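A quick write-up on the structure given underneath.
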Amino acid sequence: MTKESTIQIKVALDENKVPEKIEWTASDSTADRMNKAKAMMVAFWDGADKTALRIDLWTKEMMVDEMADFFYQTMMTMADTYQRATPWADQANDLRAFATDFYKKFEEKLKNQNQ
């Protein structure tokens, strides 16, 4: 017998179809309510077409510094996943180095903007 889990995502949109609220829950979660999020990235791999199908959404509340953190953390976890899924740790490390450089460049831009 296989176990199934359900992930539910609710997105409230304004009149221009811009996300105002993102909430999610998973059937295996111990939380008894919906979890709030300011942004989300979901990707599915279509093996037949060999294409990635993505949903990238963020709310009006998502700040630029939060977006930079979100991208940095996402790239770092993508590197972890790639390392677990393939025998090529060198490429996972390349992605980590890129993510670190990306974040350093963001911090420099933020510093220059605030001067």
Side-chain angles (χ1 to χ4, degrees):
M1 178 174 213
T2 61
K3 182 173 173 34
E4 290 186 3
S5 182
T6 301
I7 299 171
Q8 182 181 27
I9 301 168
K10 291 184 180 182
V11 180
L13 305 173
D14 69 9
E15 63 278 354
N16 296 315
K17 298 184 179 178
V18 175
E20 288 188 314
K21 187 160 110 175
I22 301 170
E23 296 179 312
W24 67 275
T25 189
S27 58
D28 284 348
S29 173
T30 58
D32 58 353
R33 58 180 167 69
M34 298 290 282
N35 298 288
K36 293 181 181 180
K38 287 186 178 181
M40 62 176 265
M41 289 186 218
V42 179
F44 299 95
W45 179 249
D46 183 328
D49 288 341
K50 304 274 189 226
T51 57
L53 309 167
R54 295 185 7 239
I55 302 169
D56 303 325
L57 298 174
W58 57 96
T59 66
K60 298 172 187 181
E61 295 176 358
M62 186 75 163
M63 298 287 103
V64 171
D65 62 323
E66 292 176 307
M67 186 62 83
D69 287 338
F70 184 43
F71 267 75
Y72 170 74
Q73 291 180 32
T74 299
M75 286 187 277
M76 293 299 273
T77 58
M78 287 172 62
D80 295 343
T81 301
Y82 190 81
Q83 186 167 349
R84 285 192 313 271
T86 72
W88 299 295
D90 62 319
Q91 286 187 288
N93 289 330
D94 288 346
L95 184 51
R96 288 185 190 99
F98 173 80
T100 300
D101 186 55
F102 169 90
Y103 197 75
K104 285 179 184 176
K105 287 178 181 177
F106 163 74
E107 289 180 315
E108 189 63 32
K109 287 180 182 183
L110 194 61
K111 178 182 167 187
N112 290 338
Q113 182 181 9
N114 291 333
Q115 288 183 354

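Remember, it's a predicted structure, so these values are computed and weren't measured experimentally.
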> Stepwise, does the side chain to side chain contact (heavy atoms under 4.5 Å, CB included) test hold for K36 with E61?
Replying inline: CA-CA 12 Å; K36 293 181 181 180; E61 295 176 358; over 6 Å; no

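- Partners of K50 according to the side chain to side chain contact (heavy atoms under 4.5 Å, CB included) rule, which considers only residues two or more places apart in sequence or in another chain, are W45.
- Applying the side-chain hydrogen bond (donor to acceptor under 3.5 Å, both in side chains) criterion to S27, with sequence neighbours excluded, gives S5.
- To the nearest 0.5 Å, atoms CE (M63) and CG (D69) are separated by 13.0 Å.
- Not counting sequence neighbours, the partners of K105 by the salt bridge (charged side-chain N to carboxylate O under 4.0 Å, His left out) test are D101.
- With hydrophobic clusters built from ILVMFWY side chains whose heavy atoms lie under 4.5 angstrom apart, L57 shares a cluster with F44.
- In plain terms, the two heavy atoms of I22 and M40 that are nearest each other are CG2-SD, 4.0 Å.
- The side chain to side chain contact (heavy atoms under 4.5 Å, CB included) check on T77 picks up nothing, with sequence neighbours excluded.
- Checked against salt bridge (charged side-chain N to carboxylate O under 4.0 Å, His left out), E107 has no partners two or more places apart in sequence or in another chain.
- M41 and I55 fall into different hydrophobic clusters, where Ile, Leu, Val, Met, Phe, Trp and Tyr are joined by side-chain heavy atoms under 4.5 Å apart, directly or via other members.
- Within a 6.0 Å sphere centred on NZ of K21, other residues, nucleotides and ligands contribute 12 heavy atoms or fewer.
- Within the structure, no pair that satisfies the salt bridge (charged side-chain N to carboxylate O under 4.0 Å, His left out) test touches residues 82-93, not counting sequence neighbours.
- Residues satisfying the salt bridge (charged side-chain N to carboxylate O under 4.0 Å, His left out) test with D94, not counting sequence neighbours, are none.
- Here the straight-line distance linking atom CD of E4 with atom CG of D28 works out to 11.0 Å at 0.5 Å rounding.
- Other members of the hydrophobic cluster containing Y82, listed by chain and number, are W88; membership follows side-chain contacts under 4.5 Å among ILVMFWY residues, whether direct or relayed.
- Rounding to the nearest 0.5 Å gives a distance of 4.5 Å between CE of M62 and CE of M67.
- In this view, Q73 satisfies the side-chain hydrogen bond (donor to acceptor under 3.5 Å, both in side chains) rule with no residue, not counting sequence neighbours.
- Using a 4.5 Å cut-off between side-chain heavy atoms of Ile, Leu, Val, Met, Phe, Trp and Tyr, with links allowed through other members, V64 and W58 fall into different hydrophobic clusters.
- Judged as a ring pair (Phe, Tyr, Trp, His ring centres under 6.0 Å), the pairs with a partner in residues 90-115 (not counting sequence neighbours) are, in order, Y72-Y103, Y103-F106.
- In terms of the salt bridge (charged side-chain N to carboxylate O under 4.0 Å, His left out) criterion, residue partners of D56 (sequence neighbours excluded) are, by chain and number, R54.
- Hydrophobic clustering (side-chain heavy atoms under 4.5 Å, transitive across Ile, Leu, Val, Met, Phe, Trp, Tyr) groups F70 together with M75.
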Using atom types as modelled, flag every donor-acceptor pair under 3.5 Å from a side chain in residues 7-14 to any protein atom, sequence neighbours excluded.
residue, atom, partner, partner atom, Å
D14, OD1, N16, N, 2.8
D14, OD1, K17, N, 3.0
D14, OD1, V18, N, 2.9
D14, OD2, K60, NZ, 2.6

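- In this structure the side chain of Q91 never reaches within 4.5 angstrom of the side chain of T86, judged on heavy atoms.
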